[in-house]
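Quick one: the structure is below, and I'll ask about it shortly.
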Amino acid sequence: MIQYIVRRVLLAIPVILGILVVTFLIARAIPGDPCRSALGERATEAACEAFNQRMGLDQPVLVQLGIYMRQILLEGDFGSSIRYSRPVSLMLIERLPVTLELGVSALILAVMVGIPAGILSAVKRNSRIDVAAMVGSNIGVSMPVYWLGLMLAYVFSIFLKDTPFWLPPSGRLTAGVIAAPFYKVWDWQLVSGSLGAQAADFFSNLVLFNSFITGQWHVFSDGIKHLILPAVALSTIPLAIIARITRSSMLDVLGAEYVRTARAKGLAERAVILKHALRNALLPIITVVGLQTGTLFAGAVLTETIFSFSGVGRALFDAITGRDFPVIQAFTVVIAVGYVAINLIVDICYAFIDPRIKIE
Amino acid sequence: MSTKKTTTQPLLDVQNLKTYFYTDDGVLTAVDGVDFQVAPRQVFGLVGESGCGKSVTSLSLMRLVDTPGKIVDGQVLLQGENLLDKTPAEMTKVRGSQISMIFQQPKSSLNPVFTIGDQIVEVFKIHETISEKDARQQAVELLRRVGIPDPERKAQAYPHELSGGQAQRVMIAMALALKPRLLIADEPTTALDATIQAQILDLMQDLRDTTDTAVILITHDLGVIAELADRVAVMYAGKIVEEGDTTALFDKPLHPYTQGLMGSIPVLGDTKERLEVIPGNVPSLINLQPGCRFASRCGARVEHNLEICTQVEPDLIEFDAGHKVRCWLYQEHAGHTPPLKAFADKKDRK
Amino acid sequence: MAVQSPPVASVEQVQDYRNNSLLFLTFRRLFRQRNAQVGMLILGFLVLVAIFAPALAPYDPDQSLIGVESIDKRAGPCIHLLGCPADQPEHYMGVDGNVRDQYSRIIYGTRVSLFIGFSTIGLAVIFGTIIGAVSGYAGGWVDNIIMRIMDVILAFPSFLLAIAIITVLGRGLQNALYAIAIVNVPVFARLVRSSVMSLKELDFVTASRSLGASPLRILFIRILPNAIPTLIVQATLSIGGAILEAAALSFLGLGAQPPLAEWGTMLGTERNQVFTSPHLVFFPGIAIMVTVLAFNLLGDGFRDAMDPRLAQLAKS
Amino acid sequence: MSAKSQTSPGRSPLIEVRNLKKYYPVRGGLLRRKVADVKAVDDVSFAIYPGETLGLVGESGCGKTTVSKTMLRLEEATAGHIFFEGEDVLAADAAGMKNLRRNMQIVFQDPYSSLDPRLPVGESIAEALVVHGIGDPQERFERVLAVLRKVGLEDYHATRYPHQFSGGQRQRIGIARALILDPKFIVLDEPVSALDVSIQAQVLNLLSDLQQELGLTYLFVAHNLAVVEHISHRVAVMYLGRVAEIAPRKALFKKPLHPYTQALMSAVPKKHPAEKKERILLTGDVPSPLNPPTGCRFHPRCPVARMGHCDVEEPQLRQLEPEHWVACHYAEDFI
Amino acid sequence: MKRQKLFSALALLVVASLLLVACGSPAAPAQDTSAPADDTGAETGPAGDFAGDILDAGSCDYGGKVLSIEAVDRLTVQFNLCKPDPAFLAKIAFTPFGIQPKEWIASTGGTGELLERPIGTGPYMVSEWVRGDQVVFTRFDGYWGEAGSAQTAVLRWATEGAARLQELQAGTANFVTNISPDDYATVESDPNLVLIPQDNPNVFYIGFTNTFAPWDDVRVRQAVAMGIDRQRIVDNFYPPGSEVPHSFTPCGIPNGCEGEDWYEFDPEAARALLAEAGFPDGFDTSIYYRDVFRAYLPEPPLVAVEIQAQLRENLGINAQVVPMESGEFIELATTGALDGIHLLGWGADYPHITNFLDFHFGAGNPQLGNAHPEIYEVLQQASSIGDLAEAAPLYAQANNAIKELVPMVPVAHGSVAHAASASLGGAYYPPFGSNEFYRMDSGADTLVYVQNAEPISLYCADETDGESLRPCQQVVETLLDYATDSGDTVPELATACTPNDDSTVWVCTLRDGVKFHDGSDFDANDVVASFAAGLDASNPNHVGNTGSFDYFAYLWDALINAE
């Protein structure tokens, strides 16, 4: 088991290096002078020279790649945004928590609804429930996220205006609603700029988490209200896909011989499904859940744009339209590495669910 | 071999069982009116080639037929109670405690994500109020009984860590855990290697002699029947074509199909230049022709020029005491005397 | 090959020959699938719409109606049958901000979307097949290197990678097509590779080898054609995804550029108007959804039709 | 002992296998390095004479299928020689191999996966002719029809697809494909084990007929002793990658000299309920070829094994009776 | 080896955090205004002790307008100009020339906290900038003037006009900027909302860079001028009150529309000209624009497509529409790097014609390609004439030359309106600059203001976009301010600025007793330091966000000590 996990982790390393190489190549491939695209068109010759030297642009490509990797891997230095003249790492501390909350709630929604729907569908195969669920999920995967977002915003903020169902169409919190960071509430003394302070900032930027642990309930409920529409929009595609894979995986497993054995033992149908079948069906499901985090990241770009959420997706989009290359590069690396990490976790989960993995 | 006469009420009485599969291409009559009785403690063999409906029959008894299959008619009386009338909840109480089942592929019949100990313990837990500890102890005891070496440790093993033979022993242990009245063994040795098959057959023989459980033994291998069964029914294309005590049937096979089957199998130590052959193929069970289902492949029909075979389906009639056959050769019908000679020719085979 | 001129072939036998190929049977099953029926119906409809767009569209999709009709920009749908006053010009889906007939633009958009779907996945299938076949058949270090590269590409959420590629290539429909094709290549490469690797072990391929057939012959004549069904399934499903991705890129302004009647662009340029002129957002979204749905249903249908398990179920 | 001595004087074998080994690397550890070998076939030698059928029998995992695949170079051998009419198959170059393949063919176990599902069977059969550039389309088609008739099928079957045939018919097609190049030698790899008994008989009879008619030489690989006994002239029994016993059919089945062969034969179920049968029950399972037992590979399960000898010294094949070879230290006890 | 690196990285981290702590401490907004006043002794002593700073260009050779800025005494600043500037007062009222404490500027080195947390003398101070979400202001209780009514003011942003309106309708905002033309009717018909028109002179134009073919041919440019139906664009894409330009400068600006009227729409004549120039069948080109709502161009994509359609229909010119990111577009457009036509506009910074003509058609601006001496020579001559009537004939001449040479095509003078909830007391919008939060009363503790986009940075000396200038204006004050209803200037940090006879020397008297948000006192040296950081390229604090300090460079003609 340990060996399996270590091996999985080791296997992820070349992929992460590959990600760095790809982002490096993309940055190199962007037409134009790298200095000017990093420092802006009006950068002076001297500034460019200094920049080139610092980035090692006067050296062979391989050396440059090495420098780039060293900066990210060893120094955690992602460079600075051109547009905002701020370190990208600072932007990550601000932006990532927003996307995390959005993504995690969407994922929870997708899993909590998708898996039961899929199970129900598989168990009641060809029933009306099944047909409805599958038609629904087919429509779900075919729907443009941003369109759904716009429609939801229209329905819940305009159509249902003046009803209890009204939901805000944009923003993370209502204007003026600000949560005091937990470390201020608890009066922690943090050395500003230190790793601890950065971590504290990161966690206090998780609006729901921060307001929950400090009991700022008006902020919490406001945050939830603002989160509902984007999370629902974002969860649609993963939900539909999870429901479908759950159904087909359950159908596979329900046809398996050990399920027949379980039934032959006299196990009640509910136990057959929830204990014997589901545990086995879970393998493809968690794979898909892992893969769907990619959809979530991508969907976040669109959803955050629609709902004026200041997460990484929105920032990435702004950076792309603004050709803010250090931000594009850094955010892409972070998202891709996060994606790899999630799929690594999925792989490791396998080992806990499926005993056959251990002897691999 | 002790032939137990079924004078008392049978343990299991199957009447006119029909299980059809509703496929895209039409209705497949997998089991089409099967009747048989199993006495207590009896080993009842059900033999036939693949697709003849023997496995579907066994699943029908357990009411475990999957869609698109459906039991459309008949009765399955277990000690007089019709299982087909029970609610699904009642049926789960019967399964595992009164009737249990083992399958052809022992390794894939065990759930890969639970230890075998857990899977046996589960049987106790479903049907009895029993402490975890007692159940575990009993499970280990069962494993020892079916010949698993070092059962305490093996109880912690996962199915993939077992060999096929061991897995089948586990399946047997699980099936016998609650001392059911009836065990359905669906091709229990087919997937196993020869030497392992011998071990399992030996185990089953031992169990037959030491428990009160009746067995329905489903197989395509006449040798397995010869080893274990008290009584045997031969199935062809969804119907029982011949049924009798095992010795009687092996001594004196009546149906041309049974005769052909026996002649087509090479027998160890009994070499002959050519094997007897049943020409043609098993008919499709969708869109069946009228008449006897074996008619198209039946040499005797040609030999005796029986036209009725292709028009009317014969009934299963008792030819000898306890020896039934479904064939026009043995039945009287309009203007025809059954050519008994056909069977007399084969009488001496052994 | 020999049987192309069978001396014994009667008309019925030739019929028999054609009507019983696996492909034919698959299609027959496909036509019986409810999903596939709906999918094909919609797709057929969309193809007809795309072909006959000029005949179906009442207006030039790019023509501004300013000065042609007296109508406000972003005017809502007006259908005379549904009670819209007869003196107002009829626009089934209203007009957009540039006073163009949205119905006509949606109709012409069908062409764009179908083209996007087929061309991107076409490219991805071609390159993915070549890469996957080489990788799967060669095995060893070649396979290893190719698959590690594919792993890295797959390590990026595909839409983000597409965006990143566009930042290199620049905006525009054509570049968006390339980007989507590139991110789809690994999907097909992996699929073909695994098909090749499993088919390679099948007896009929071994039989070919035992006859002394050359590796290339085995790859191209024995293995790849048998990988086609899974490819078709994946390609059909991917087309839906590609259309969706392309529309999303256009929505963000990275794909198709005005005045091209592309649904994502239409949605993107008018998305601010969702609260005031919802029809401008509603209809393009529906159009995208229906098109993607058609491909997804068809893909599902293909998969079920080719699923050996279901085929077996029908047999025994 | 040299394998050469297993050939009978006076007859020259059509095909001879000498000291054949096939090891599969086992990778493990973090770096997937090779850590061990699965010795699927470990020093196997035998000969097959023209016109005869050699039965190769054993339980799953004993290496019998690997032997057959290696003989046709569908798998590359790790070591050893295979002589076909004196030419070393394993040393042949591409052109030489292509030539050899005309004379060596194979029929597979699974009739469902052995035909390209996309092609009408006529094309599948004709492929061999195309590959070897024999004839024009018309000629080829006629040869296909001829060979179809030979295996008991009709002309019109040529234009049908595999899925339209039953298992027995497909196996006939598989045989037709093997026959179309007029080979001298055919490997039959479990050709009937996937078939129903009534169909099995048809195919076995067909194989016998073809052998007589065409003078074919067979290697018949199977796990079913009765079938092997029925069709073979001589029989080799394999256990864990090695030949345990090899002898003419009658000798072997009348008086098996290896305890494993004896157990295998006694494991066959009765043919009649009344038959009394004393069964030699082997304990335990077949060990893994990854880590075979020391000495005689059979010794942990062997009823006559003597510790200190059998678990140390590996027995070699010895000829105890004419043409009856056995690899057991105590085989004399059974004579 | 690896360990060493790790250690050095850690050490760096620690040092960096210590530094940050050290620098960061004064950043904490010092709420108590009773901080000891003698923390900067030099400034608080009697006038005689005051050491006045000076920003001195040395000579006027560098081409700019400013010769020197001098702190004469604690409350007097003197501006010495190289040439008379009739717009001087209007210029120093402009937000980029806001005053921050000298010590604060020096301590930040022109970067870091300065960009996030400006310290001014204004009625509100920045309490937190939640990136991507909002800027929160707290009332500055030590403000010298009339304090705002809301304790907290929140600035948010939404790119979509509809989304902004939505916030207002939902009651989550008190004031929103830039109503979409389509929404005027909605706002007017809603009793809970009021429309707040802004009377800001502006112009939207189609620009050509005449260094690229075929725009180097004046006939092509004239053809476009005649081939675009401007009336149609204004009618369909602009809100009521917008006008088709008579000339580049709106008529509301004195001397703005002297001279001839612009070309009539005449597609046939246009095609003839185009044919004459060698393009009977048109040609291929691109239309570059940025998708940013501006008063002069409320719906850029629609207008871009409309122009595309008109070019195709009226002239046979096949143009590709290319939307660009705002910053990139401005950069490429203003440096004259765009080969096609670009859609850009101009809103008046201050009510003077030079703000329109000199900026665009001056000799040094590369945006429209090579400048035309026929235009800029006249403009130079006019710009030093203080008297309006005297300058009028020159501006007529300039406008006629512009019409003749068509460096660009003026398309519209846009009307723009904002909206507020009806309950917002004192809702207004001045013609120049932004409205100030403290003048409006939401009736609650919080005032929420929604604008188009997020500020880029809050150091406005180095910013140009209105979205950054607006928050700056709440925090940092200038010497003068614009009136709430006209282009006139009113006293702010200076009680008066008086010129000498030839308007080359301006002496400003500063308001006494003004305190910065950090509690320090405002004096003349702060003025000099704030100007120096922006105007002097060699100043160590001349860094900012981009470092280009555009308004310093454009409004004062050039930066001192620029390379």
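Lettering follows sequence order; numbering is per chain, from 1.
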>> A quick test of your reading: do over 12 heavy atoms of other residues, nucleotides or ligands sit less than 6.0 Å from OH of C/Tyr178?
In response: no
> Can you name the nearest heavy-atom pair linking E/Leu302 to C/Asn98, along with the distance?
Replying inline: O-ND2, 2.6 Å
> Are the charged groups of E/Glu299 and C/Arg74 less than 4.0 angstrom apart, N to O?
Replying inline: yes
> Around atom CZ of C/Phe115, are there more than 12 heavy atoms of other residues, nucleotides or ligands at under 6.0 Å?
Replying inline: no
>> Any side-chain to backbone donor/acceptor pair from C/Lys73 onto E/Phe237? Under 3.5 Å, distance only.
In response: no
> When heavy-atom pairs shorter than 4.5 Å are enumerated against chain C, which of E/Gln166, E/Arg232, E/Gln310, E/Glu306 gives the highest number?
Replying inline: E/Arg232
> Does OH in C/Tyr92 sit with more than 12 non-hydrogen atoms of other residues, nucleotides or ligands closer than 6.0 Å?
Replying inline: no
>> Is E/Asp291 in contact with chain C via its backbone, its side chain, both, or neither, using a 4.5 Å heavy-atom distance?
In response: neither
>> If you compare all heavy atoms of E/Arg312 against all heavy atoms of C/Asp62, which two are closest, and at what distance to 0.1 Å?
In response: NH2-O, 3.7 Å
>> Take a 6.0 Å sphere around CD of E/Glu188 and say whether it holds more than 12 heavy atoms from other residues, nucleotides or ligands.
In response: yes
> Crowded around C/Phe118 CZ? As in, over 12 foreign heavy atoms under 6.0 Å?
Replying inline: yes
> What heavy-atom pair brings E/Gln308 and C/Pro258 nearest, and what distance separates the two atoms?
Replying inline: NE2-O, 3.5 Å
> Is chain C contacted by the side chain of E/Asp182, its backbone, both, or neither, given a heavy-atom distance below 4.5 Å?
Replying inline: side chain
>> Can you tell me if E/Phe283 has over 12 outside heavy atoms packed within less than 6.0 Å of its CZ?
In response: yes
> Do you know the tightest heavy-atom contact between E/Pro323 and C/Arg171?
Replying inline: O-NH1, 3.5 Å
